[in-house]
Asks: 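The structure is given below, and queries will be raised subsequently.
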Amino acid sequence: SASAYLRAKEDYLMGINFSRLLTLKYGNSISNYLGNKYTVVSVGRVMTCVLGMVVRREREIREFVKTPFYRVIESVNVDGHTFTGEWRAVKGSAYFESPKLYKENGFKEKEEAKKLIAVLEEGTSPLTCRIVSIEKKKEKKEKNMEKLINDAPFVLVLVFLVIGFTLLIKGADLFVEGSSSVAKRLHVPSIIIGLTIVAMGTSLPETAVSVSASLVGNNELAVSNVVGSNIFNLMVVIGVCAMLATVNVAKETITRDIPLSLICAGLLMLFGSVGIGDKSDLTLGRFDGVILIGFFAGYLFYMVKIALKASREGKSVEIEGGSDEDIKIVSVPVSIIFIVGGAIAIAFGGDVTVDAASRIASDLGMSQTLIGLTIVSIGTSLPELVTSIVAARKNEVDMALGNAIGSNIFNILMVLGVASAISPISIIKENIIDMCVLIVFTVCVWIFAGTKKKIGKIEGFCMVAFYLAYAVYIIIR
């Protein structure tokens, strides 16, 4: 009787609350339609239950977070026919109702799936197979380029990867040259061109890769590309420069740029792990992306403001591509061709790079995170490395650290901001670890730069050694 009373009370309370809500929302409209002075919407017990289920389901959908799990797939030969089957934990098996399972056909952790594969590969006892059902699933329609890369020999896939990198880098150069020429014709100050168009142009390859990866759901590559590129720029590009020539560090780099870089890395980790903007753990959502883009716009405005102020005061302002000599003015038709052609090359190069990297990861048994942290991030950062080595040989590396830190800030705020605003990006445990590594490495460089206001050969060697140790760790983890 007590439980019946509580159920009746619950139905009454839910019913009266839904009735009030629907009356407030639709009462006036119904009254106007029927010509009545007052209208009350009353909800009975059955409708109360239905509305309760609808509300609960809506909450589940809004709070849904993608959870990766790991399946074990095997090709099975039956009577000369090959089928692709998956291993399930059925009643009587070792993993039946095990807490290690996400569900009956997948593990929570990758290591547990590997353990099962190792047991199956030992072949100590014969395995029996029972076909329960055969399903013909509709395969995802591949794009022409994606299909071409997936069907190509492995050597040709490496060629496609190089082509993708070339299109990204050359496309960015053409886009920047065309845009800078148009801006110069519109009498935009060289300092502003250097701080905006030229500076953003260096991050266009990373932007194309991360956006392309997030659009196809390859979230691991979208994040690891940016984090890996930042670590490579900071530790290898600057480290190699310091090994060849002493890198002098400006006061503003120590007091302003490196702290800003640390704040950006901290924001990225906070948004990805806690879910400040989108209230969703381990997801960089659209609102998080909008916040990052907002910070990026504020950072650009601040940098332009202090650069113009320094210029008015007659102080020397050194900005990459920010002098009249660095900006090549071409005709308007050529500028338009450069801008359109560069944009097409960047978009196409991003797609090719993502498809080729995914195929390489699949063939070599590597994770998308590892590919993004190594091959893709190094490939998009190679121009900076080559340029820095040439500058180091000429002993012109005074701007090297400032440019690398600025590039890291652009990568986090602009690249991941744009990518996550277009398509939400899921964050995995390895991404959080890599973000922590980026923060630790940035602090190390801050200490190196702050002690003597320069980075010498010993510090450069240490930075490259740190990166190599990190590379070994991400390969074996």
Side-chain angles (χ1 to χ4, degrees), residues 199 202-203 206 223-270 295 299 303 318-320 373-374 377-378 380-389 391-392 395-416 431-474:
T202 60
S203 295
E206 288 86 354
V223 178
S224 59
N225 163 53
V226 169
V227 177
S229 181
N230 282 9
I231 293 174
F232 186 83
N233 281 339
L234 192 64
M235 305 305 287
V236 177
V237 175
I238 302 304
V240 170
C241 279
M243 291 169 67
L244 297 175
T246 300
V247 178
N248 294 315
V249 184
K251 180 182 177 182
E252 291 79 9
T253 302
I254 300 171
T255 58
R256 180 193 65 203
D257 297 339
I258 297 180
L260 272 174
S261 176
L262 280 171
I263 291 171
C264 291
L267 275 176
L268 176 62
M269 189 168 70
L270 198 63
F295 278 120
Y299 171 72
M303 293 300 294
E318 292 186 350
I319 299 170
E320 186 180 8
L373 289 170
T374 52
S377 63
I378 292 172
T380 55
S381 300
L382 275 180
E384 286 89 343
L385 179 60
V386 174
T387 303
S388 298
I389 290 174
N395 203 24
E396 298 174 354
V397 292
D398 290 350
M399 293 173 59
L401 182 59
N403 288 340
I405 295 295
S407 177
N408 285 5
I409 294 173
F410 271 56
N411 283 347
I412 292 175
L413 297 182
M414 185 185 80
V415 177
L416 284 180
N431 294 144
I432 301 296
I433 295 172
D434 296 328
M435 292 174 196
C436 292
V437 171
L438 174 60
I439 291 172
V440 171
F441 281 170
T442 305
V443 171
C444 289
V445 174
W446 196 9
I447 294 170
F448 288 159
T451 50
K452 298 179 182 178
K453 304 295 186 295
K454 61 183 180 180
I455 299 176
K457 291 185 178 180
I458 297 176
E459 290 89 348
F461 178 81
C462 290
M463 290 163 69
V464 174
F466 287 160
Y467 180 83
L468 292 175
Y470 168 70
V472 171
Y473 160 71
I474 60 176

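Worth saying up front: this structure is predicted, and the values here are computed from it rather than measured. For the single chain, residues carry numbers from 1 onward in sequence order.
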Asks: Classify the angle between the aromatic ring planes of F466 and F441 as parallel (below 30°), tilted (30 to 60°) or perpendicular (above 60°).
Replies: parallel
Asks: Let me confirm one number: the CZ-CD1 distance from F448 to I254, rounded to the nearest 0.5 Å.
Replies: 13.5 Å
Asks: Nearest heavy-atom pair of S377 and G228: which atoms, and what distance?
Replies: CB-C, 3.4 Å
Asks: Can you list every salt bridge (Lys or Arg N to Asp or Glu O under 4.0 Å) pair that touches residues 234-255, not counting sequence neighbours?
Replies: none
Asks: Test of understanding: with side-chain contact (heavy atoms from CB on, under 4.5 Å), list the residues that count as partners of K454, not counting sequence neighbours.
Replies: T246, N248, K452
Asks: I need the M463 CE to I231 CD1 distance, nearest 0.5 Å.
Replies: 12.0 Å
Asks: Compare every heavy atom of I405 with every heavy atom of S261, then report the nearest pair and how far apart it is.
Replies: CB-CG2, 3.8 Å
Asks: Would you say that V445 contacts E459 through its side chain, given a criterion of any heavy-atom pair below 4.5 Å between the two side chains?
Replies: no
Asks: For residues 232-245, pull every pair meeting salt bridge (Lys or Arg N to Asp or Glu O under 4.0 Å), keeping only residues two or more places apart or in separate chains.
Replies: none
Asks: Got L438 and M269 here, is their nearest side-chain heavy-atom distance under 4.5 Å?
Replies: no
Asks: Measure the CD1-CD1 distance between I258 and I409 for me, rounded to the nearest 0.5 Å.
Replies: 9.5 Å
Asks: Taking only residues two or more places apart in sequence, or in another chain, which ones meet V464 in a side-chain contact (heavy atoms from CB on, under 4.5 Å)?
Replies: V240, M243, L468
Asks: Who pairs with D434 by salt bridge (charged side-chain N to carboxylate O under 4.0 Å, His left out), at least two apart in sequence or on another chain?
Replies: R477
Asks: Restricting to non-hydrogen atoms, name the atom on I238 and the atom on I455 that form the minimum distance, rounded to 0.1 Å.
Replies: CG2-CD1, 4.2 Å
Asks: Provide the closest heavy-atom pair for G406 versus Y299 in the form atom of the first, atom of the second, distance.
Replies: CA-OH, 4.3 Å
Asks: L373 and S224: which non-hydrogen atoms are nearest, and at how many Å?
Replies: CD2-O, 3.6 Å
Asks: Any donor-acceptor pair under 3.5 Å linking the side chain of N225 with the backbone of E206?
Replies: yes
Asks: Residues in side-chain contact (heavy atoms from CB on, under 4.5 Å) with I447, at least two apart?
Replies: V443, T451
Asks: Which residues pass the ring-ring contact (aromatic ring centres under 6.0 Å, His included) test with Y467, sequence neighbours left out?
Replies: F232
Asks: Which residues pass the side-chain contact (heavy atoms from CB on, under 4.5 Å) test with F295, sequence neighbours left out?
Replies: L267, I291, L413
Asks: If you round to the nearest 0.5 Å, how far is CG of L268 from CG of N431?
Replies: 9.0 Å
Asks: Would you name the heavy atoms of A242 and G460 that are closest together and state the gap between them?
Replies: CB-CA, 3.8 Å
Asks: Return each pair, listed once, that meets side chain to side chain donor-acceptor pair (under 3.5 Å) where at least one residue sits in residues 405-416; pairs must be two or more places apart or across chains.
Replies: S203-N411, N230-N411
